[in-house]
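A note on names: the letters A, B, ... follow the listed sequences, proteins ahead of strands, and every chain is numbered from 1.
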Amino acid sequence: MITPRTPSGTFELLPPEQIAFQRMLDAIRAGYERFGFLPVETPVFERSEVLLTKTGGETERQVYFVQSTGALEKARDAAGEGDAEGEEAAYPELALRFDLTVPLARYVAEHEHQLTFPFRRYQMQRVYRGERPQRGRFREFYQCDVDIIGKDELSVRHDAECPAIIHAIFTDLAIGAFTIQVNNRKLLRGFYEDLGIVDGEQQAAVLREVDKLDKRGEEYLRTTLTGEDFGLAEDVVEQILSFVQVRSTGHDDALARLAAVEAASRGSQALAEGVAELREVLTLVRALGVPEQDYRLNFSIARGLDYYTGTVYETVLDDHPEIGSICSGGRYDNLAGQYTRSRLPGVGISIGLSRLFWQLREAGILQASTARSTVQVLVPQVDAALLDDQLALASHLRHGGINTEAVLDGGKLGKQLRYADRAGIRFVAILGPQEVGEGTVTIKDLRRQDQFTVPRAEVVAALRVELAQPEV
RNA sequence: GUGGGUGUAGCUCAGCAGGUAGAGCGCCGCGUUGUGGUCGCGGAUGUCGCGGGUUCAAGUCCCGUCACUCACCCCA
C-alpha cells in the first residue's frame with residue numbers, strides 16, 4: 001500500500017482549521033475591496049520566459065518547471081540528437097509562478113489597453129518555490145497581494161494607502177497589536193552615498209546585513225561590516241549602526257527624525273528625495289486615520305527584493321516580534337519594463353498568508369472564536385418513521401438561511417449528539433414523536449447545555465436569536 | 001546548493017547496559033428504553049523507515065539507503 005501523505009513543504013488543514021484560514025482570506029479580501037481594489041486571478045503556471053526574465057541565479061534555483069509528458073519526450077529526442085542549441089532551449093516551456101508580482105507585470109503589460117489607470121487590483125492565490133522547506137516556510141503557499149499601478153506616473157500619495165489598508169485588515173483579523181514600519185530606499189541609498197558607499201552591489205550587500213540586525217544583534221553587524229568582506233572603517237560602521245537603529249515613537253517624532261537625518265546629510269539628492277517622500281507618506285497615513293502608535297519609521301528596513309525603489313513597508317506583531325514581518329511591500333518605479341515600453345510605476349503589499357497562519361497557530365494566537373464547523377444546526381433522526389418530517393424541518397431551516405445538516409442514517413440519539421459535539425456543531429433541532437404531536441421543535445445548545453421547545457413556526461427566528469448568543 | 005538532527009500504535013513519545021514491544025492522548029463498545037462533552041469498565045491497533053552486517057539473540061550495535069526535520073544562503 002502507498003503511504004498517503006502530502007509532499008514536504010506543503011500543508012493541508014482539517015476542516016476546523018480550514019475554516020479559520022478561510023475566515024482570514026475573507027477578511028483580507030473584504031479589506032482589499034473596501035479600499036476599492038478589483039479582483040484578478042492569473043494561471044498558476046506561466047511561460048518560462050515570462051518568469052525567468054531576470055535570469056538571476058536565485059530565481060532559477062527556486063522555480064518549478066512544468067512539462068507535459070509529450071513535451072518531455074520531445075525534449076529527450078532533441079537531446080538525443082545532440083541538438084545543443086544553447087542553454088535556454090533546455091528549459092521546459094512552462095513554469096510555476098513564484099510570486100504574484102511578476103504575473104501582475106505580465107498581466108498589466110498584456111492588457112494595458114483594456115485597463116484603466118491607476119489600476120488597482122488584488123490577487124490572492126498560491127505560489128510555488130522550490131526551496132528546501134523550513135519551519136513555517138513552504139514550497140506552496142498563499143500570497144495576498146494588492147497593488148496600485150500607474151501609467152507613466154503614480155504620485156507618492158498612493159504609498160500612503162498601503163499602511164491604511166494594512167491597518168484596516170490587521171485590525172479586523174484581531175491577532176493582536178501590530179506596528180507598520182516604514183522606510184524609504186532613496187533615503188537609504190542617499191545615506192550610504194554620503195558615507196562613500198556608492199557601489200550598488202556593495203550597498204545591496206550592506207542592506208542585506210543590516211536587515212539581520214534584529215535577528216543577529218548589533219555585535220554581529222559590527223564585526224561583519226568591519227570584517228574582510230566589507231572592510232568598512234569603524235567610524236563609518238558606527239554611523240551606520242546608530243542610523244539603522246532609529247525607530248520613531250510617534251508621528252511628530254518621526255518627522256523630527258527625518259529632519260535630523262536631512263540636517264546631517266552631506267547633500268545627497270537621493271536622501272533629500274527620500275525624506276520628502278516619507279514626510280508626505282507619513283502625513284497622509286495620519287490623515288487616513290491610522291493611529292500614530294500603529295506606524296513608525298524604521299531605518300533598518302530594506303526588503304531583499306531589488307525592484308523596490310522608494311517607500312518600503314514591513315509589519316510586525318508587537319507581542320510576537322519573533323514571527324517577523326507579517327506583511328510587507330513597497331514602491332517600484334518600473335513594474336513591467338521587461339514586457340512593455342510603457343512606464344508602469346506601482347506600489348503594493350503582500351501578505352504571506354500560509355506562513356502567517358502557520359505561525360499564528362504555532363504561537364497559539366489563532367482566535368478560538370471562529371467556529372469549528374460551518375454547520376449551524378444538526379437535525380438528528382429521532383425516529384426513522386419521521387424521516388419526512390425531519391427533512392421538512394431541515395429544508396425549512398435552510399430556507400431560513402441557516403446552515404443545516406440532517407442526519408440521514410439515524411442511530412441512537414446519544415450518538416448523534418456526540419457526533420454533533422465532535423463535529424463542532426453547536427445547535428441541534430430535535431423533532432421526535434412528541435414534538436411532531438404538538439407541532440413543536442426542541443432546540444438544544446450543546447455548548448451551554450441548555451434546551452427549550454418552540455412552536456414549529458418560530459424555529460428559524462428562535463435559532464437566529466440563539467446563533468447570535470456567545471458560546472459561554 | 002551547504003551543514004546538523006531524527007525515524008517505534010492514528011498522534012506525542014518511552015523503551016536508558018542487546019534477550020521475544022509500552023504509556024498518555026485519540027479511536028471503538030458497554031453503563032437499557034429520545035440527550036453529547038465529565039466519569040467508570042472493557043477492547044482493537046505495530047513487517048520498531050528500508051536493505052545488509054555483527055551476535056545464540058538487534059527497536060537497541062555497525063554500514064548503506066530512503067524519508068522527514070532544523071539551521072544557513074535566500075525569502076513570504
Side-chain angles (χ1 to χ4, degrees), chain A residues 1-11 14 56-63 97-101 124-145 204-205 207-209 211-212 215-216 220 302-308 313-316 323-329 348-359 372 378 380-386 390 407 410-437 441-453 471:
Chain A
M1 226 195 260
I2 296 164
T3 310
R5 62 176 178 204
T6 59
S8 84
T10 63
F11 77 94
L14 294 175
E58 278 306 321
T59 14
E60 237 170 276
R61 217 178 82 189
Q62 295 193 340
V63 82
R97 61 180 171 215
F98 50 83
D99 72 6
L100 298 178
T101 306
M124 312 197 297
Q125 293 188 273
R126 294 200 242 221
V127 303
Y128 300 83
R129 286 188 199 173
E131 282 185 293
R132 192 151 288 183
Q134 260 179 73
R135 184 169 207 72
R137 292 178 55 180
F138 307 97
R139 302 199 293 179
E140 176 189 68
F141 57 94
Y142 268 91
Q143 284 198 323
C144 307
D145 280 29
L207 290 181
R208 257 203 303 282
E209 290 305 322
D211 216 44
K212 297 174 186 167
K215 203 171 173 184
R216 302 276 176 80
Y220 165 84
R303 305 265 63 233
L305 278 7
D306 39 325
Y307 53 72
Y308 290 124
Y313 319 94
E314 249 177 39
T315 303
V316 292
I323 285 180
S325 179
I326 56 175
C327 170
S328 51
I349 50 171
S350 177
I351 301 173
L353 189 59
S354 301
R355 178 182 169 79
L356 175 60
F357 181 85
W358 180 270
Q359 297 198 304
R372 287 178 50 234
L378 182 79
Q381 190 176 103
V382 182
D383 183 342
L386 299 175
Q390 181 206 351
V407 175
K412 284 188 183 174
L413 182 60
K415 276 200 172 184
Q416 297 182 52
L417 291 178
R418 185 159 66 134
Y419 167 78
D421 190 54
R422 288 200 194 165
I425 302 169
R426 181 176 167 190
F427 292 99
V428 166
I430 302 169
L431 185 69
Q434 197 179 320
E435 285 84 0
V436 169
V441 173
T442 296
I443 295 172
K444 183 176 173 71
D445 181 339
L446 296 186
R447 297 297 143 66
R448 293 179 149 186
Q449 308 177 42
D450 191 23
Q451 69 179 54
F452 58 91
T453 301
E471 294 189 6

Closest non-hydrogen atom pair, A:V407 against A:Q381:
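Of all heavy-atom pairs spanning A:V407 and A:Q381, the closest is O-NE2, 3.4 Å.
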Looking only at heavy atoms, what is the nearest atom pair of A:E435 and A:V441, with distance?
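Distance-wise, the nearest heavy atoms are CG-CA, 4.0 Å.
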Using the [atom1] atom as the point on both nucleotides, what is the distance between [M] and [N], in whole Å?
N	M	atom1	value
B:A9	B:U65	P	25 Å
B:C11	B:C74	P	36 Å
B:U2	B:G10	P	35 Å
B:A44	B:A76	C1'	44 Å
B:U8	B:G51	P	15 Å
B:G3	B:C48	C1'	29 Å
B:C68	B:G29	C1'	36 Å
B:C75	B:G7	P	34 Å

Hey, does A:Y142 reach any base, or is it just sugar-phosphate, or nothing, if we go heavy atoms under 4.0 Å?
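The answer is nothing, as A:Y142 stays clear of every strand by at least 4.0 Å.
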Using the side chain to side chain donor-acceptor pair (under 3.5 Å) definition, which of the options A:R139, A:R97, A:E140 pairs with A:Y128?
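Result for side chain to side chain donor-acceptor pair (under 3.5 Å) with A:Y128: A:E140.
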Nearest nucleotide by nearest heavy atom, which residue falls closer to the 5' end of RNA chain B, A:Y220 or A:I326?
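Per heavy-atom nearest nucleotide, the more 5' residue is A:Y220.
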Judged by each residue's nearest nucleotide on RNA chain B, which is more toward the 5′ side, A:S325 or A:R216?
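Nearest nucleotide further toward 5': that of A:R216.
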Tell me the interatomic distance from [X], atom [atom1], to [N], atom [atom2], rounded to whole angstroms.
X	N	atom1	atom2	result
A:Y128	B:C75	OH	C1'	18 Å
A:L14	B:C11	CG	P	12 Å
A:R126	B:A76	CZ	C1'	15 Å
A:I425	B:G37	CD1	C1'	14 Å
A:Q359	B:C70	CD	P	12 Å

Close side-chain approach of [X] and [Y], heavy atoms under 4.5 Å:
X	Y	result
A:L353	A:Q143	no
A:L378	A:F427	no
A:P380	A:V428	yes

Parallel under 30°, tilted from 30 to 60°, perpendicular over 60°: which one fits the rings of A:F138 and A:F11?
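Tilted.
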Find the distance between OG (A:S325) and CD (A:E314) and round it off to the nearest 0.5 Å.
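It comes to 4.0 Å.
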Rounded to the nearest 0.5 Å, how far does CG of A:L417 lie from NZ of A:K444?
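One gets 6.5 Å once the value is rounded to the nearest 0.5 Å.
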Report the glycosidic orientation of B:G31: syn if within 90° of 0, anti in every other case.
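What B:G31 shows is an anti base, its glycosidic angle lying more than 90° from 0.
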Sugar-phosphate atoms are those with a prime plus P, OP1 and OP2; base atoms are the rest. Using that split, label each nucleotide of nucleotides 27-36 of chain B B, S or - for protein heavy atoms under 4.0 Å, 5' to 3'.
SSS-S--BBB
Does a distance-only test, which skips hydrogens and angles, find a donor-acceptor pair under 3.5 Å between the side chain of A:R208 and the base of B:C73?
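Absent.
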Base of B:A76 and ring of A:F141 stacked, centres under 5.5 Å, planes under 30°:
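A:F141 ring centre within cut-off of B:A76 base, planes near parallel; stacks.
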Return the stems involving RNA chain B, sorted by first number, where pairs are Watson-Crick (N1-N3 with N6-O4 or O6-N4) or G-U wobble (N1-O2 and O6-N3), both under 3.5 Å, and runs are 3 or more long.
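Expected stems, ordered by start: B:1-7 with B:66-72, B:10-13 with B:22-25, B:27-31 with B:39-43, B:49-53 with B:61-65.
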Does any pair with a residue in residues 420-429 of chain A pass side-chain hydrogen bond (donor to acceptor under 3.5 Å, both in side chains), and if so which ones, sequence neighbours excluded?
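Residue pairs with at least one partner in residues 420-429 of chain A: A:R426-A:D445.
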